[in-house]
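For reference, the structure discussed in these notes is given below.
Throughout, protein chains are lettered first and strands after them, A, B, ... in sequence-line order, and every chain is numbered starting at 1.
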There are 2 protein chains.
Amino acid sequence: MLIVALDPPPNVDPVEWISKMFSTLRDVDGVAGFKIGLPAIIECGAKVLGNVFRDYDGLVIADLKLADIGDVMVLTLERLVRAGFNAVIAHSFVGVSNALDKLSRRCRELGVRLVLVATMSHPGAVEVMDSVLDKLINVVRRIDPWGVVAPATRLDVLERVRKELPSVKILSPGIGAQGAEPGDALCRGADYEIVGRAITRSENPREVAASIVAMQREKLSRCRK
Amino acid sequence: MLIVALDPPPNVDPVEWISKMFSTLRDVDGVAGFKIGLPAIIECGAKVLGNVFRDYDGLVIADLKLADIGDVMVLTLERLVRAGFNAVIAHSFVGVSNALDKLSRRCRELGVRLVLVATMSHPGAVEVMDSVLDKLINVVRRIDPWGVVAPATRLDVLERVRKELPSVKILSPGIGAQGAEPGDALCRGADYEIVGRAITRSENPREVAASIVAMQREKLSRCRK
């Protein structure tokens with residue numbers, strides 16, 4: 001129920017850093033997978049990065065927040081899959097027709113988990129995205145993806161997504177640096193919490209990851225009573 | 001007033017293909033620059049691709065359609081600039097606060113041209129984006145970027161963008177394969193038309209590019225009368 005965001009700090013070799021972090025964390029009980037952001041993929045190319053995860057069964061999510069026409073997203077997806085990624089994040093904002101319909105179909109064919117962004121956690125999300133949250137949730141419903149991103153920092157939004165999309169997996173960022181505590185989102189219906197720097201910039205990433213999983217379990221056991 | 005979209009076909013070496021196309025087209029009169037899409041950048045990494053354009057003065061646009069929080073977009077931008085890109089495309093729907101405000105500031109510091117997507121040309125754009133076009137144009141106005149993308153296939157939208165944002169550069173895709181003719185968008189207020197396959201998949205890309213520029217000029221001379 002923990003996904004680790006592997007975002008390399010500046011001034012390190014990103015492939016080396018990601019490889020090392022992955023080896024350190026891959027077998028920690030409760031770690032379901034890893035998420036790699038656009039900056040590292042842009043810098044290294046998908047092939048080089050994906051290769052790090054070759055023999056891994058967990059989630060390997062390319063967090064590209066795709067927001068293009070269908071054909072371009074499909075071409076991107078195919079390159080990610082060849083590189084070894086097994087899940088991809090796209091925006092619901094671009095709509096279904098000639099956009100997410102094509103991406104979703106190709107994801108199913110290739111066995112890739114599609115994760116859609118309903119809304120985001122930063123203040124700018126209120127300016128446009130929140131004003132059309134109904135429409136965005138409706139796009140998610142029509143596409144019926146494997147998962148959806150909903151912020152742990154805005155639990156009202158998360159609860160609404162859970163209620164309106166009962167069977168989708170919810171992935172929640174915002175734990176740690178952005179203020180939410182481990183387990184908060186899980187207790188409101190999320191399936192996975194995404195944690196990055198709180199783990200990867202710590203002195204002992206393995207220990208911190210394990211303690212976050214312990215906190216998630218502890219909080220879940222209390223809120224489910 | 002012509003920007004060439006360099007999107008490599010499948011089953012070619014993308015760097016080799018882009019290098020060759022760039023050499024063929026760089027000094028065609030009227031070609032103002034090149035646009036590289038996400039699939040090629042993902043496959044090769046920005047460094048390898050950007051290097052192709054090292055000694056070039058024209059536009060080298062990374063068409064990533066960025067749509068993330070500000071910090072992630074800034075990290076991506078910095079990698080693109082180190083690689084040799086001098087313009088980047090981002091979505092206006094992520095809003096200003098903690099998103100495009102940060103990206104825009106860093107673009108100005110680094111001398112990079114920021115291009116925002118107002119709306120798109122595919123049918124799915126009507127489902128969500130068009131319903132908040134007012135808000136999207138307002139985000140563009142607040143950010144005051146160098147340029148904005150508006151489709152040549154939907155000239156009513158293009159005219160509206162021109163009217164509401166009189167000083168921004170307008171880049172129009174949709175010429176050729178998608179149905180618009182060279183010069184159509186320029187006559188409605190666009191500054192650049194983006195053409196890809198009609199040029200790059202032709203027998204003689206240099207000749208086709210030159211003839212498109214001639215058609216643009218011919219149409220412009222008529223519509224400006």
Side-chain angles (χ1 to χ4, degrees), chain A residues 7-8 10 14 37-49 62-80 82-83 90-101 117 120-132 135-136 138-139 142 173, chain B residues 7-8 10 14 37-49 62-80 82-83 90-101 117 120-132 135-136 138-139 142 173:
Chain A
D7 299 312
L38 184 57
I41 298 179
I42 286 296
E43 182 158 8
C44 310
K47 254 185 288 191
V48 177
L49 274 187
D63 185 7
L64 298 181
K65 296 198 179 65
L66 293 172
D68 214 314
I69 57 170
D71 292 341
V72 173
M73 293 196 289
V74 165
L75 284 172
T76 307
L77 173 73
E78 289 169 348
R79 280 155 176 78
L80 291 171
R82 278 207 296 277
H91 269 291
S92 45
F93 212 99
V94 292
V96 174
S97 181
N98 253 301
L100 294 172
D101 50 358
V117 178
M120 296 170 71
S121 59
H122 68 290
V126 180
E127 299 166 22
V128 185
M129 299 179 81
D130 276 16
S131 73
V132 280
K135 286 185 205 282
L136 294 170
N138 192 40
V139 169
R142 287 170 64 197
Chain B
D7 298 312
L38 184 56
I41 297 179
I42 286 295
E43 182 159 6
C44 310
K47 253 185 289 190
V48 176
L49 275 187
D63 184 7
L64 298 181
K65 295 198 180 66
L66 293 173
D68 214 314
I69 58 171
D71 292 341
V72 173
M73 294 196 289
V74 165
L75 284 172
T76 306
L77 173 73
E78 288 169 348
R79 280 154 177 80
L80 291 171
R82 278 207 296 277
H91 270 290
S92 46
F93 74 70
V94 293
V96 174
S97 182
N98 252 302
L100 293 173
D101 50 358
V117 177
M120 297 170 72
S121 59
H122 68 290
V126 180
E127 298 166 24
V128 184
M129 298 180 80
D130 276 16
S131 73
V132 280
K135 286 185 206 280
L136 295 170
N138 193 39
V139 168
R142 287 170 63 196

Original post:
Side chains of A/E127 and B/K135: closer than 4.5 Å at any heavy-atom pair?
Top reply: no
Original post:
Which answer fits A/V74, side chain, backbone, both or neither, if we ask what part of it has an atom under 4.5 Å from a heavy atom of chain B?
Top reply: neither
Subject >> Chi angles and distances behind the side-chain contact (heavy atoms from CB on, under 4.5 Å) call for B/H91, A/H91 >> reply: CA-CA 11 Å; B/H91 270 290; A/H91 269 291; over 6 Å; no
Original post:
If you count heavy-atom pairs under 4.5 Å between each of B/V96, B/I69, B/L49 and chain A, which one has the most?
Top reply: B/V96
**OP:** Output the option from A/N138, A/L77, A/L80, A/L75 having the highest count of non-hydrogen pairs under 4.5 Å with chain B.
**Re:** A/L75
**OP:** Quick one: do B/D68 and A/M120 satisfy side-chain contact (heavy atoms from CB on, under 4.5 Å)? Show the steps, please.
**Re:** CA-CA 9 Å; B/D68 214 314; A/M120 296 170 71; 4.2 Å; yes
Original post:
Heavy atoms, side chains only, cut-off 4.5 Å: are B/L64 and A/I42 in contact?
Top reply: yes
Original post:
If you count heavy-atom pairs under 4.5 Å between each of B/P39, B/A125, B/G37 and chain A, which one has the most?
Top reply: B/P39
**OP:** With a 4.5 angstrom heavy-atom cut-off, could you sort out which part of B/A67 is near chain A: side chain, backbone, both or neither?
**Re:** both
Subject >> 4.5 Å side-chain heavy-atom contact, B/L38 and A/L66 >> reply: yes
Original post:
Which one, A/G95, A/G70, A/G124, leads in non-hydrogen pairs under 4.5 Å with chain B?
Top reply: A/G124
Original post:
Given side chains that start at C-beta, do those of A/M129 and B/V132 come closer than 4.5 Å, heavy atoms only?
Top reply: no
**OP:** With a 4.5 angstrom heavy-atom cut-off, could you sort out which part of A/A46 is near chain B: side chain, backbone, both or neither?
**Re:** both
Subject >> Nearest non-hydrogen partners of B/E43 and A/K47, listed with the distance >> reply: O-CE, 4.0 Å
Original post:
Do A/S97 and B/H122 come within less than 4.5 Å of each other through their side chains, counting heavy atoms only?
Top reply: no
Original post:
Does the side chain of A/M73 come within less than 4.5 Å of B/K65's, by heavy atoms?
Top reply: no
